[in-house]
**Q** 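Handing you this structure, nothing more for now.
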Amino acid sequence: MTDPRLPSRRAPRVLAILALFVAAMWIIVFVGENVASHHSLERQRRAGEPGGAPRRPQP
């Protein structure tokens, strides 16, 4: 007979799967944010706006 106070044998597996899911979501969000930022910077460079600030005319 098993002790009802002890967690089931599935508990560690469920926690590991949950941890992997959270880590995967965090990585997807982090990488997606970096890619979006990189694309935004490339668009600004092509438009001639370094750092997003408009260019001032040269005297």
Side-chain angles (χ1 to χ4, degrees):
M1 184 151 206
T2 61
D3 188 356
R5 291 175 293 171
L6 293 175
S8 69
R9 296 182 74 172
R10 286 187 302 176
R13 186 177 302 158
V14 170
L15 287 175
I17 290 170
L18 181 62
L20 285 174
F21 177 75
V22 169
M25 293 303 293
W26 185 82
I27 289 170
I28 289 169
V29 168
F30 182 73
V31 170
E33 185 176 314
N34 281 348
V35 169
S37 174
H38 176 73
H39 285 252
S40 177
L41 288 174
E42 285 299 316
R43 260 187 255 115
Q44 289 173 0
R45 280 192 203 119
R46 276 188 258 122
E49 300 175 3
R55 289 188 176 180
R56 292 190 317 193
Q58 297 295 328

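Position 1 is the first residue of the sequence, and the numbers go up from there.
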**Q** Go through the structure and list residues passing side chain to side chain contact (heavy atoms under 4.5 Å, CB included) with Val29, not counting sequence neighbours.
**A**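 For Val29, no residue satisfies side chain to side chain contact (heavy atoms under 4.5 Å, CB included) once neighbours in sequence are set aside.
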**Q** What residues, two or more places apart in sequence or in another chain, satisfy ring-ring contact (aromatic ring centres under 6.0 Å, His included) together with Phe21?
**A**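 For Phe21 there are no ring-ring contact (aromatic ring centres under 6.0 Å, His included) partners, ignoring immediate neighbours.
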**Q** Does Ala11 have any side chain to side chain contact (heavy atoms under 4.5 Å, CB included) partners at least two apart in sequence or in another chain, and if so, which?
**A**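 Once residues adjacent in sequence are excluded, the partners of Ala11 under the side chain to side chain contact (heavy atoms under 4.5 Å, CB included) criterion are Pro7, Ser8.
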